[in-house]
Amino acid sequence: MCGIISYIGKEDALQVLTCGLKRLEYRGYDSAGIAIGDDKHPFQVVRSVGRVEQLIQRISSLSLSGKVGIGHTRWATHGGISEKNAHPQTSQDGKFLLVHNGVIENYASLKTMLTKEGFTFSSDTDTEILVNLIAFYYQKLQEVPADKRFVESVRESLLKVQGTYGLVILCTDYPQELIGARKSSPLILGVSEDGLFLASDASAFSGQTKEVVFLRDHEIAHLKGHDFQITDLSNNLSSPVIETLEANTDESDLGPYAHYMQKEIFEQDQALQNTILGRFSADGSSAHLGGLQMTARELKKIERMVLIGCGTAWHACKVGEFLLETYARIPVEVEYASEFRYRNMPLEKNTLVLVVSQSGETLDTLGALQEARRKGFRTLAITNVVGSTIARESDGGVYQRSGKEVGVASTKAFTGQLATFIMLSLHLGRMRDLSFSEGCRLVKALQSLPEITRSVLNACDPIMKELAKKYASSAHFYFLGRQALFPIAMEGALKLKEISYIHAEAYPSGELKHGPIALIDPSMPTMVLASNADMLSKNISSMMEIKARGGKVLALGVQGSIIPETVCDELCVLPKVHEAILPIVTTLPLQLFAYYMALERGCDVDKPRNLAKSVTVE
Ligand code: AGP
């Protein structure tokens, strides 16, 4: 959450920052700001509430110059959405300018201390306290040699701070320098011939350089002109490793689509093709996943798995639970990342902890991963973003290769995670008691996925568009599903909530009669996921219960299973597919439904209110 881009070099900083901020907007879009200057131009700060575009409009009437700058796009944590709370935050003496991602947890005690020292504050942010803390130490450290005073003030301050930060700070006394630091929030140093970048994500300087240094927690990067030095909080010098990022095709072009979410829904056939590409054994009965970093012997020893994620990734884990238990016969538990790290869950010796995160940066998931490692467990990660913190900190894992996901509501990343779970279940299952023929059936099902995905999307698109027209005014929605389709019902409800702001809840179909049915009336529609043929009679019973109470039923059925017209108001029929890929196929119409519902209600599909793509605060 919150995006940071900063630059020092030969280029005009304004261009670099505005370009970077546009690319980082997925991390937060409440407000944005920049500070630009250098040794010839005094630093100027411009901030604005709203999207980066609004900031750019404001800048267009100003004349900003300089080859050094910091920029920020915000997702509010401390303090409401207002210009005074936007970043950069400035110290009281005007010398220090700070952009920050994270939360300073001991802000209250630091504020009390600074207030006693005569500091006053004009925003409601924890960031303003931090920037003044740095100014405070700067005043105190007058004895420190001039070339060290800036960096030592930052170091001294960070030693007093509890919480999380990815930050970049500049000081007007040192107009050719920038300092960046991180703790549990990503910060990446980009190195090019023309300058240095510090950003919360390498995409911010994409096209400028592929040479990067991933800063580690507690490291401070001190950029001076074209040189940089990295130290830790105890002032030990680090030897930075410059890594070259893989070439990234620019996927930010919308092409014929109106929104990224629509584009990402419709590119799922290709994304799934990429996920499975080259990952099957030569005999066509198993999958091989090179990045697990575990021998067959180690994999066979796994007695239990704990799957961890947040939001949509957690739903993927819930489907993963079914798949792993069914095909690999490994007992699985699924945990919310935010809960796992604060529980003291008894974990037996041969437990494998697997975290799932599209971005690879979600702080709750990272915290859970670190907690599992601290306890000595072998950890794996399913991630989409190559080189992300979670990918780097886990013992091994699988890249889902779904391609860049821009829309805040996750679509293709979810189906990619499900396909990855099928491959993992197949891989582990074939080492246990999954038969050769069932292995072959699973491989064939996976290979058929891209084509099925394309035809289901094409067939469901007009149906869901029409349904959205009819149901867009609903204030509430239920989603029901059984077994592996219950997590899909949860995902369908989450998508609807996220982008159309309709209150939606999901239940296992059988739970309806245990309480939720009390809300059924003509104004409460229910989407019933009845595409698992073996559960048809049970699903029909649930629909009858709803109809008997005047509720509206929208059903997802499957070819060959007859759902009488009397028990549903709307019916969308999906093709009959292997049960392992059914959760993916059933997800597709729900994504389209949420998308069209949001459009009907005039919502901003790609940037829904209050949300950000990557949640890097607790
Ligand atoms: C999905 O639509 C959400 N925006 C959200 O629930 C997301 O899946 C969650 O924050 C986890 O993100 P991650 O996969 O990047 O860790």
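Note: hydrogens, waters and symmetry copies are ignored here, and every other heavy atom, side chains too, is used. Everything numeric in this text was worked out from a predicted model, so none of it was measured. Counting starts at 1 for both ligands and their atoms, in listed order.
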Under 3.5 Å, is there a donor-acceptor pair between the T362 and D364 side chains? no
T415 versus Q268, side-chain donor and acceptor atoms under 3.5 Å: yes
Side-chain donor-acceptor distances from residues 479-486 under 3.5 Å, at least two apart:
none

Between ligand 1 and the protein, find all N/O pairs closer than 3.5 Å and give the distance for each.
from     : atom 1 : to   : atom 2 : distance (Å)
ligand 1 : 2 (O)  : T312 : OG1    : 3.4
ligand 1 : 2 (O)  : S410 : N      : 2.8
ligand 1 : 2 (O)  : K495 : NZ     : 3.0
ligand 1 : 2 (O)  : E498 : OE1    : 2.7
ligand 1 : 2 (O)  : E498 : OE2    : 3.1
ligand 1 : 4 (N)  : V408 : O      : 3.0
ligand 1 : 4 (N)  : E498 : OE2    : 2.8
ligand 1 : 6 (O)  : T312 : N      : 3.3
ligand 1 : 8 (O)  : T312 : N      : 3.2
ligand 1 : 12 (O) : T362 : OG1    : 3.4
ligand 1 : 14 (O) : Q358 : N      : 2.7
ligand 1 : 15 (O) : S359 : N      : 2.9
ligand 1 : 15 (O) : S359 : OG     : 2.6
ligand 1 : 15 (O) : T362 : OG1    : 3.4
ligand 1 : 16 (O) : S357 : OG     : 2.6
ligand 1 : 16 (O) : T362 : OG1    : 2.4

Taking everything shown except Y107 itself, do over 12 heavy atoms lie less than 6.0 Å from its OH? no
Could you tell me whether D395 and R373 have a side-chain N and a carboxylate O separated by less than 4.0 Å? yes
State whether E267 and K412 are salt-bridged, where the test is any N-O pair (Lys NZ or Arg NE/NH1/NH2 against Asp/Glu carboxylate O) under 4.0 Å. yes
